[in-house]
Number of protein chains: 2
Amino acid sequence: MANTQGASTRGDGGALRCLKQVGLRPTRQRLALAGLLFGDSHRHVTAEALHAEAVDAGVRVSLATIYNTLHQFVKVGLLDEVVVDPGKSYFDTNTTEHHHFYHEDIGRLEDIPGSSVVLGRLPDPPAGKRIASVDVVIRVTGDR
Amino acid sequence: MANTQGASTRGDGGALRCLKQVGLRPTRQRLALAGLLFGDSHRHVTAEALHAEAVDAGVRVSLATIYNTLHQFVKVGLLDEVVVDPGKSYFDTNTTEHHHFYHEDIGRLEDIPGSSVVLGRLPDPPAGKRIASVDVVIRVTGDR
DNA sequence: CAATACATTAGAATCGTTCTAATTACCGAC
DNA sequence: GTCGGTAATTAGAACGATTCTAATGTATTG
């Protein structure tokens with residue numbers, strides 16, 4: 001039974017190329033996950049959600065692998081991790097500099113168009129430290 | 001056995017007044033925790049850390065009560081909760097508007113002097129939503 | 001295609017946090 | 001003060017997200 005599972009019958013050389021470039025072995029699981037994650041538009045996923053989506057799409061992959069893969073993708077710069085909720089991690093396929101709305105009521109993360117947040121002035125980092133990143137999260141909730 | 005445990009022999013009317021004002025019963029535990037939290041300078045604590053500190057100071061209090069109390073304090077505006085780490089919550093005694101350095105290497109949170117971060121421009125919230133808060137976290141790490 | 005290094009896996013373990021049901025403490029009325 | 005009712009505290013179990021472990025499977029290299 002060659003080609004065990006979906007995500008391959010199309011021009012998904014994108015996923016392959018992408019993994020090659022960052023030096024990760026193109027395994028069946030990583031190819032499938034890259035296929036799910038790196039489509040036309042940017043995405044925000046949790047580990048559990050991606051796992052559900054993969055299983056749903058007929059991709060056999062364990063939750064452990066989801067975690068491994070997400071963290072590897074972060075390490076090589078394919079993904080960003082966004083911290084907005086103690087106890088859940090979000091992963092963002094948009095790795096360009098930008099910020100987020102977090103919909104507290106429904107637990108959804110949304111990109112803010114780059115230009116509409118302006119950081120006027122940044123403080124010097126504490127002595128002996130360097131700035132790793134600047135995260136801006138605007139928490140929003142239902143109106144009423 | 002009156003006055004079971006420390007934190008009372010001094011002019012800690014501060015803690016008492018503070019609880020009265022927000023309408024929380026001044027129990028032994030809440031008084032002790034308020035005493036630990038609201039001193040001269042602002043603090044950033046995790047639940048576990050505060051518990052350790054309390055036990056250390058001879059205050060008999062359970063971890064469950066630490067969590068209950070911290071959340072109540074947040075609800076009445078005595079504390080802010082700061083999200084910087086998936087899987088740990090920090091509580092901040094500084095409830096005025098300000099932002100944070102997060103020392104990723106050692107898991108420490110530090111206030112940024114109010115004036116040294118300037119948000120030049122904020123986006124409109126998504127339709128039907130209102131902005132609950134704007135969090136800026138500058139992640140820093142050891143130099144080398 | 002064999003050898004080897006790397007990936008994946010199920011399930012157990014861990015972490016921080018929340019829940020539960022039982023006990024204890026505060027507080028106002030007497 | 002004592003009593004009673006309500007609210008707070010508690011130990012320990014339960015929980016959800018994540019990480020770990022040791023065994024099995026798979027991509028790569030020669």
Side-chain angles (χ1 to χ4, degrees), chain A residues 1-5 7-8 15-20 22-34 44-55 59-76 78-79 81-91 107 109, chain B residues 1-5 7-8 15-16 19-20 22-34 44-55 59-76 78-79 81-91 107 109:
Chain A
M1 61 195 77
N3 183 10
T4 314
Q5 226 46 266
S8 331
L16 210 175
R17 224 175 309 119
C18 157
L19 291 176
K20 281 260 159 88
V22 299
L24 286 175
R25 276 193 190 174
T27 64
R28 174 174 60 76
Q29 292 84 340
R30 294 208 271 235
L31 283 167
L33 296 178
H44 301 104
V45 300
T46 61
E48 295 279 358
L50 182 60
H51 185 234
E53 188 179 338
V55 167
V59 179
R60 290 190 317 92
V61 60
S62 73
L63 190 52
T65 296
I66 298 281
Y67 277 103
N68 290 340
T69 305
L70 286 173
H71 287 139
Q72 288 154 358
F73 282 7
V74 169
K75 186 156 9 168
V76 300
L78 289 175
L79 289 177
E81 189 172 358
V82 184
V83 183
V84 286
D85 185 329
K88 242 203 301 268
S89 269
Y90 287 78
F91 296 87
L109 202 56
Chain B
M1 58 191 78
N3 184 10
T4 315
Q5 222 49 265
S8 334
L16 210 174
L19 292 176
K20 282 258 157 89
V22 298
L24 287 174
R25 275 196 190 172
T27 64
R28 173 175 60 76
Q29 291 84 341
R30 294 210 271 235
L31 283 167
L33 295 179
H44 302 102
V45 300
T46 61
E48 296 279 358
L50 182 59
H51 185 234
E53 188 180 338
V55 167
V59 179
R60 289 191 317 92
V61 61
S62 73
L63 190 51
T65 296
I66 298 281
Y67 278 103
N68 290 340
T69 304
L70 286 173
H71 287 139
Q72 288 153 358
F73 282 7
V74 169
K75 185 155 11 170
V76 300
L78 289 175
L79 290 177
E81 189 171 358
V82 184
V83 183
V84 286
D85 186 330
K88 241 202 302 263
S89 270
Y90 286 79
F91 295 87
L109 202 56

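Both backbone and side-chain heavy atoms feed into the values below; hydrogens, waters and symmetry mates do not. Note on naming: letters A, B, ... go to the chains in the order of the sequence lines (proteins, then strands), and numbering restarts at 1 for each one.
- Between A:Phe73 and A:Arg30, the closest heavy-atom pair is CZ-O, 4.2 Å.
- Looking at heavy atoms from C-beta onward, A:Leu70 lies out of side-chain contact with A:Glu81 at the 4.5 angstrom threshold.
- Side-chain contact between B:Phe91 and B:His71 is present, with at least one heavy-atom pair separated by less than 4.5 Å.
- At whole-Å resolution of the value, CD1 in B:Ile66 and P in D:dT9 are 10 Å apart.
- Taking the 5' to 3' direction, DNA chain C first and last meets chain B under 4.0 angstrom from a heavy atom at C:dG16 to C:dC27.
- Here the side chains of B:Val84 and A:Val83 are not in contact, with every heavy-atom distance at 4.5 Å or above.
- Map A:Ser62 and B:Pro26 each onto its nearest nucleotide of DNA chain C; the residue landing nearer the 5' end is A:Ser62.
- Side chain of A:Arg28 to backbone of A:Val61: no donor-acceptor contact under 3.5 angstrom is found.
- The side-chain heavy atoms of A:Gln29 and A:Thr69, taken from C-beta on, include no pair separated by under 4.5 Å.
- Looking at residues two or more places apart in sequence or on another chain, you find a side chain to side chain donor-acceptor pair (under 3.5 Å) between B:Thr65 and B:Ser62.
- Residues A:Leu19 and A:Pro26 share a closest heavy-atom pair of CD1-CA, 3.8 Å.
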_Checking A:Leu63 against A:Glu48 for the side chain to side chain contact (heavy atoms under 4.5 Å, CB included) test, could you report, in this order, the C-alpha distance in whole Å, the side-chain angles of both residues, the deciding distance, and whether it holds?_
CA-CA 7 Å; A:Leu63 190 52; A:Glu48 295 279 358; 3.9 Å; yes
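- One interatomic measurement links the two molecules: NZ of B:Lys75 to P of D:dA8, which rounds to 10 Å at whole-angstrom precision.
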Review item, nucleotides 15-18 of chain D N/O atoms under 3.5 Å of protein N/O:
{"unit_1": "D:dA17", "atom_1": "O3'", "unit_2": "A:Gly87", "atom_2": "O", "d": "3.3"}
{"unit_1": "D:dT18", "atom_1": "OP1", "unit_2": "A:Ser89", "atom_2": "N", "d": "2.8"}
{"unit_1": "D:dT18", "atom_1": "OP2", "unit_2": "A:Tyr67", "atom_2": "OH", "d": "2.4"}
{"unit_1": "D:dT18", "atom_1": "O5'", "unit_2": "A:Tyr67", "atom_2": "OH", "d": "3.1"}

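- Not counting sequence neighbours, B:His51 has no partner by the ring pair (Phe, Tyr, Trp, His ring centres under 6.0 Å) test.
- Inter-axis angle, ends of the helix from C:dC1-D:dG30 to C:dC30-D:dG1, five pairs per end, rounded to 10 degrees: 30°.
- Atom-to-atom, CG of B:Leu70 to P of D:dA8 comes out at 15 Å; the value is rounded to the nearest Å.
- Taking for each of B:Leu24 and A:Lys20 the nucleotide of DNA chain D with the nearest heavy atom, the 5'-most of the two is the partner of B:Leu24.
- For the OP1/OP2 pair of D:dA8 and a distance below 4.0 Å, the side-chain nitrogens and oxygens of B:Thr27 include no atom meeting the criterion.
- The nearest heavy atom of DNA chain C to B:Gln29 and to B:Ala64 marks one nucleotide each, and the one closer to the 5' end goes with B:Ala64.
- A:Lys88 is linked by a side-chain contact (heavy atoms from CB on, under 4.5 Å) to A:Thr46, A:Asp85, A:Tyr90, counting only residues two or more places apart in sequence or in another chain.
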